[in-house]
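Only one structure is covered here, and it is reproduced in the block below.
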There are 2 protein chains.
Amino acid sequence: MVTLSEENYLKAIYHLGKEGTIAVSTNAIAEKIESKASSVTDMIKKLAEKNLANYVKYQGVSLTNEGRLAAASVIRKHRLWEVFLVDKLNFSWDEVHDIAEQLEHIKSLKLINELDAFLQYPTHDPHGDPIPDKQGNCSPIKSINILEIEEGKEGVLSFVKDSSDVFLKYLNKNNLALGDTIKVLDFEPFDNSLSIETKTKKLIISKEVAQNLYLSL
Amino acid sequence: MVTLSEENYLKAIYHLGKEGTIAVSTNAIAEKIESKASSVTDMIKKLAEKNLANYVKYQGVSLTNEGRLAAASVIRKHRLWEVFLVDKLNFSWDEVHDIAEQLEHIKSLKLINELDAFLQYPTHDPHGDPIPDKQGNCSPIKSINILEIEEGKEGVLSFVKDSSDVFLKYLNKNNLALGDTIKVLDFEPFDNSLSIETKTKKLIISKEVAQNLYLSL
DNA sequence: AAATATTTTTAGACAAGACTAAAAATATTA
DNA sequence: TAATATTTTTAGTCTTGTCTAAAAATATTT
Ligand SMILES: [Mn+2]
Ligand SMILES: [Mn+2]
Ligand SMILES: [Mn+2]
Ligand SMILES: [Mn+2]
């Protein structure tokens, strides 16, 4: 049995190290999970003991196949619940993460598979993140960052890298949502800002914002 | 903040003592929650400390208004989730309890209220148990036990007192479901068994079974 | 009312998961 | 390469929730 706490560590390792394939540092995990390095060391040992992680002292941790599948399963649940909250329960994309953090730990294979069917097998969550399938495989993100798109071209907003509250609220405020068609107008080299056009209006976005917007062409 | 474990104790006290209004014994709680009396004593003290329970040593526990509301809120969540699982995710009534035991602890007022609306404000769960409203009030059960119905009369199966796996599976096997119209044919005083008739067939049920079936007329 | 049985509480221990402070290992800089 | 800085681990402590065994209180029998 994998505990709730263990699941959170598995997720952190998965997210920090290319789906858990490359080793990540104790400190990086501590920061992500908002705990202390000593707590991380303790937990890493437990994960290694349970054959969920590969651990060599002072060399960081990566996930075993078993650990990677366990992590992907938690992420699958997280993202499916986020879709449920937005599509069925009228939540907006900036309200769902904390609740999904709780729901992702509910244990029932039938539950998650039925939920998947009920939602009609979505491939992406409300932030554009891919939903792993039952085998833990993600469809790779094929969208590209808006800064890499040449002036005059347009694309559909399909992924936001930062899905924090503040950023999502910024997007809400500026009427930008997943699925919107955006045209790149003009890049300003002085501050790397970008002027863009949506169906409804023109707008200038900063470098910080642009770095988090991904379009599919 | 009420912890998961505290919520389970509140629920047990609520269920054992007329919605928590009458004092229940340490042992009764221990049995219900499948723990030991000493653990119960410890937890009871914490609940009293938090003003959720009234506790006098050696005299049992009851719930304060605050405790009763907290318990009702957990039960409300449990039953709404059971409705969700049956109505939306194709679960049958004998499969939902254990998952609802997990889901009932998810903390989000908006979540449960949106779920309530999504399910169109159900008043009863898949076992006929009433769903407390936001204020913690239950509509009283108005169904009566099948043994109290006179021969020749009929009613609609609207509540099963025992909602354990084995009993629900027995009902499945005999094609008895909530909402079915049942006619009482003949009471047999020798063993208190009852012969009944459904839309599809006649059948004899034992005293043990009859005691758990409630009809509304 | 005593004796006996049962229930409840207390005392002390344990596991999980977290923390602080100190020691050990590794990385960086001079 | 030696000195210094940073990261990681270890050692020891704490809290929550659980347990067993023993003591104390209450209930039931004789
Ligand atoms: Mn999320
Ligand atoms: Mn997401
Ligand atoms: Mn139930
Ligand atoms: Mn129920």
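All values below come from the heavy atoms of this structure, side chains included, with hydrogens, waters and symmetry mates left out. In the text below, chain A, chain B and the rest are named by the order of the sequence lines, each starting its count at 1.
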Under a 4.0 Å N-O cut-off, is there an ion pair linking B/Lys11 with B/Glu104?
yes

The Watson-Crick or G-U wobble partner of D/dT30, with both key distances under 3.5 Å, is C/dA1

* **Shortest side-chain distance from A/Tyr58, nucleotide among C/dG17, C/dA24, D/dT26** =>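 Within the option list, the nearest is C/dA24.
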
Per atom distances to the B/Thr3 side chain, the nearest of D/dT9, D/dG17, C/dT20 is D/dG17

- Task: Taking the six-membered ring for Trp and the single ring otherwise, decide whether the centroids of A/Tyr14 and A/Tyr9 are under 6.0 Å apart.
- Result: no

Aromatic ring proximity A/His127/A/His97, centre distance under 6.0 Å =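 They do not qualify: ring centres at least 6.0 Å apart.
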
Rounded to whole angstroms, how far apart are [atom1] on [X] and [atom2] on [N]?
X: B/Leu47; N: D/dT16; atom1: CG; atom2: P; result: 13 Å
X: A/Lys57; N: D/dT7; atom1: NZ; atom2: C1'; result: 14 Å
X: B/Lys46; N: D/dG17; atom1: NZ; atom2: P; result: 4 Å
X: B/Gln59; N: C/dT7; atom1: CD; atom2: P; result: 16 Å

Between D/dT10 and A/Thr41, is there an OP1 or OP2 to side-chain N/O distance shorter than 4.0 Å?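 Indeed not, no polar side-chain atom of A/Thr41 lies that close.
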
Please classify the nucleic acid contact of [X] as base, sugar-phosphate, or nothing, using heavy-atom distances under 4.0 Å.
X: A/Ser39; result: base
X: B/Ser5; result: sugar-phosphate
X: A/Ser38; result: base

Assert: residue with more 5' nearest nucleotide on DNA chain C, out of A/Tyr9 and B/Val40, is B/Val40

Q.
Contact between A/Thr26 and A/Val61 at the side-chain level, heavy atoms closer than 4.5 Å - yes or no?
A.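 No; the side chains remain at least 4.5 Å from each other.
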
